[in-house]
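Here's the structure we're looking at; comments come further down.
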There are 2 protein chains.
Amino acid sequence: MGISKTEHFSDSQNEIATIAKALGHPARIAILEYLMSVDSCICGDIVNELPLAQPTISQHLKELKNAGLIKGSIEGNAICYCINDSCLETIMSYFMNMASRLKKKTCC
Amino acid sequence: MGISKTEHFSDSQNEIATIAKALGHPARIAILEYLMSVDSCICGDIVNELPLAQPTISQHLKELKNAGLIKGSIEGNAICYCINDSCLETIMSYFMNMASRLKKKTCC
DNA sequence: TTATATTATCGTAATATTGCAATATATAAA
DNA sequence: TTTATATATTGCAATATTACGATAATATAA
């Protein structure tokens, strides 16, 4: 990110930015969409589903996890990842609030 | 972004990722929030409002504009920026759709 | 025209991201 | 215990982001 001055911004602003940043890559959007498309939360299949190597997928999963967008639980020798809906709620309600407030404005 | 393979993903996935990426910095969230807080769309005030230098603000505004999140129109010798609500609608409805589909799922 | 004000661009240093091969770790099965 | 399977970590090269000083570009005012 270069030298970012996160300390100059509010916790809320940093939280939203962190979640948005994690969403800011097509591979991670694709991972979320795949996680949504399967009823049971399979993990290794993501590697077969996307055109990226296993270490790269693992790295993207880590970033999604750090942002709180997904959860992982051990299932035998595999790991089952799934979407954390409360995190999705957070960012959704943020933009819903913003969009609803915008309707009352007149702009240039 | 490093060597990103955007060509391997769908237009929709790239579009959402591009918008999310633009939102993925606290300064840009702060800019959007400031643009919302003022009834009339002032521009130069953003520089006074945030703890960043003018070229840095200008760069962030450019990224928000490229992602379609804000619009700019010439107003005398100043430039008036304001939020593009249709772009906000796009990302909001994407997450609303995702969140509503999630409620029907059982997870690990 | 000249001066002032406002925003954009250039150049550059510091740091972050992306992707993958190689390797490590951990659990399950044989 | 050995082997196979699944995921994470390390190390590295290529590229992108962030921030800002200096400067350019543009429009208004004097």
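In what follows, every chain begins at residue 1, and chains take the letters A, B, ... in the order their sequences are listed.
- Side chain of A:Ser93 to backbone of A:Glu89: a donor-acceptor contact under 3.5 angstrom is found.
- Counting any heavy atom pair closer than 4.0 Å across all strands shown, A:Ile74 reaches no nucleic acid atom.
- The closest donor-acceptor contact from the side chain of A:Ser58 to the backbone of A:Gln54 lies at 3.5 Å or more, if one exists at all.
- Atoms CG (B:Asn66) and P (D:dT17) sit 11 Å apart, rounded to a whole Å.
- As rounded to whole Å, 14 Å separates atom C1' of D:dT28 from atom CD1 of B:Ile79.
- Remark: P of D:dA8 and CD1 of A:Ile70 are 9 Å apart, rounded to the nearest angstrom.
- To the nearest 0.5 Å, atom CD1 of residue A:Ile46 and atom CG of residue A:Leu35 are 4.5 Å apart.
- Computed from coordinates, the A:Leu64 CG to C:dT17 P distance equals 13 Å when rounded to whole Å.
- Other residues, nucleotides and ligands contribute more than 12 heavy atoms inside 6.0 Å of the CG atom of A:Asn48.
- D:dT18 atom P lies 15 Å from atom NE2 of A:His8, rounded to whole Å.
- Regarding B:Leu50, its CG atom lies at a distance of 14 Å from the P atom of D:dT18, rounded to whole Å.
- Taken from OG1 in A:Thr18 to NE2 in B:His25, the straight-line distance is 10.5 Å, to the nearest 0.5 Å.
- A:Leu69 pairs with exactly one of A:Ile83, A:Ile91, A:Leu88 by the side chain to side chain contact (heavy atoms under 4.5 Å, CB included) rule, that one being A:Leu88.
- Within residues 55-63 of chain B, the residues that have a heavy atom under 4.0 Å from DNA chain D are, in order of number, B:Pro55, B:Thr56, B:Gln59, B:His60, B:Glu63.
- Where A:Asn77 and A:Gln54 meet DNA chain C, the nucleotide closest to each residue was compared, and A:Gln54 sits on the side nearer the 5' end.
- Counting to the nearest Å, the C1' atom of C:dA5 and the CD1 atom of B:Ile42 are 16 Å from each other.
- Regarding contacts with the backbone of C:dA8, a side-chain N or O of B:Tyr81 is found under 4.0 angstrom from either OP1 or OP2.
- Expressed to the nearest 0.5 Å, how far CG of A:Asn97 lies from CG of A:Leu102 amounts to 10.0 Å.
- A:Leu52 places its CG atom 16 Å from the P atom of D:dT7, with the value rounded to the nearest Å.
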